[in-house]
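Below is one structure, written out as structure tokens; comments come after it.
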Amino acid sequence: MTKFSDLNLDPKVLKAIEDAGYESPTPIQAGAIPPALLGQDVLGIAQTGTGKTASFTLPMITLLGKGRARARMPRSLVLCPTRELAAQVAENFDTYTKYHTKLTKALLIGGVSFKEQDRLIDKGVDVLIATPGRLLDHVERGKLLLTGVQVMVVDEADRMLDMGFIPDIERIFSLTPFTRQTLFFSATMAPEIERITNTFLSNPARIEVARQATSSENIEQVVMMFKASRKDREGTEKRKALRMLIDNEGEKCTNAIIFCNRKMDVDTVAKSLKKYGYDAAPIHGDLDQSQRTKTLDAFRDGSLRFLIASDVAARGLDVPAVSHVFNYDVPSHAEDYVHRIGRTGRAGRDGKAMMICVPRDEKNFDAIEKLIQKTVTRIDNPLAGKEDPAKDVQAVEAKPDHEEKPKRTRSRSRKSAPKEDVVVVVEAPAEAVEMKKEPAAPEVQKPAPKENRGRGGRGRGNDNKVVGLGDHLPGFIAMSFEERSEN
DNA sequence: AAAAAAG
């Protein structure tokens, strides 16, 4: 098997890789690093979670190791679709420039002050990591010249396309010298992406990560078919259903991302969970960047248990140990489902994805099953048979805010109360039996914060062996565009 | 139909 040490990387980069505890590159790394080091353009067709980031940061650091940056003229540029992803790439650079103390970088993202960014640009940076809007903002203010860019990376190009960034990307391409080296990554090759690569890449080495034979078997997937007793109670009852799903998982649910389709629902669900004593916080694009960063950091380091999120967190976010993903809403694009549940079961771990599906979402749900080519285990809504399911919901919700602390204990005690029996009735007998409420553990405590949450700690220190820098790739995600549209 | 990104 290939080792990093076979790849002609700068010894100082190799040392940093070793420190981070990695030996063997993932397929995308093994494929992309050699041509990148030779100065060739690279077209990488790979999803997040394949070790994609390091497949460009490692050769970039090696190439940039020689030479020095000039003021206002960065030598390389990485474009990312969201601020969080940009920040994640920046962290990746930090990890592997450990022994390149002279290499400088700047993170140019929106929502934060220009001041620090301007200062860094003026001093001269080797690596610029940016979201398109803020980057162009700097350019327009005459603070930044892209004529010195030797290496340009476009990450998550298909998501850029989804978000309408393609004109910006084209514009940024046109501001850089055409002699630059381009490393371009996309999960799929949509026609528009194909066009861009034909225009801006020259004779690229094309690396496509092998599709996994099976579809993310380490993620157990269930769906609760849910119908509110009355339309105006849907929100309340759905939130109750969510709490039941969470409580039923007990300690197996060490932490979770809960996805909603709308920002408003993200706020509502987060607020509701907090009220019920769950350790929860929201993240979406309307929140302050400082808030977003703080929340994500807390979730990463294990001090926040539930992250309630819009699709801003659906793709690419790398939190090594997320035990559960809850889809409070069925995503309206089947592909988003794949991205969302891909936040769990990472680095070879097991994960569980649970979704609530209301009647009007059934069409979207069908599309999801079609895409993943798999039947998702149904669980019934245990509230459905009740005479007045909303009654006890409202009784609790009407209560004043509860004390913060014994959330786990509380949910347990509620569960053990006869009135609140929340045994989940299971349709599919075989696999889903474990969904039934288990006898309460004698002593319930908050799950200990995980070790090895930090950078480079991915997949280490547990039983699961992880190869390379990357994580597990849910197999069906790697289907080509054509393959998917065939269905 | 909504989210994201520049304000």
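The sequence lines fix the lettering, A, B, ..., with proteins before strands; numbering per chain opens at 1.
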Counting only side-chain heavy atoms from C-beta out, which of dA5(B), dG7(B), dA4(B) sits nearest to S310(A)?
dA4(B)
So which nucleotide from dA1(B), dA4(B), dA6(B) ends up closest to the side chain of H333(A)?
dA1(B)
Does R292(A) reach a base, just sugar-phosphate, or nothing at all? Heavy atoms under 4.0 Å.
sugar-phosphate
Centre-to-centre under 6.0 Å for H324(A) and F326(A), is that the case here?
yes
Determine the interplanar angle of the F114(A) and H138(A) rings, folded into 0 to 90°, and report it as parallel if under 30°, tilted if 30 to 60°, perpendicular if over 60°.
perpendicular
Side-chain atoms of K263(A) come closest, of dA3(B), dA6(B), dA5(B), to dA3(B)
Spacing of N364(A) atom CG relative to dA2(B) atom C1', expressed in whole Å
12 Å
Whole angstroms only, please: what is the CD-P distance between Q289(A) and dA5(B)?
7 Å
Per R262(A) side chain, nearest of listed nucleotides dA5(B), dA2(B), dG7(B)
dA2(B)
Rounded to the Å, how far apart are F165(A) CZ and dA5(B) P?
7 Å
Within the 3.5 Å criterion, strictly below it, is a donor on Y276(A) or D247(A) matched to an acceptor on the partner's side chain?
no
In terms of relative ring orientation, are F184(A) and F173(A) parallel, tilted or perpendicular, with 30° and 60° separating the classes?
parallel
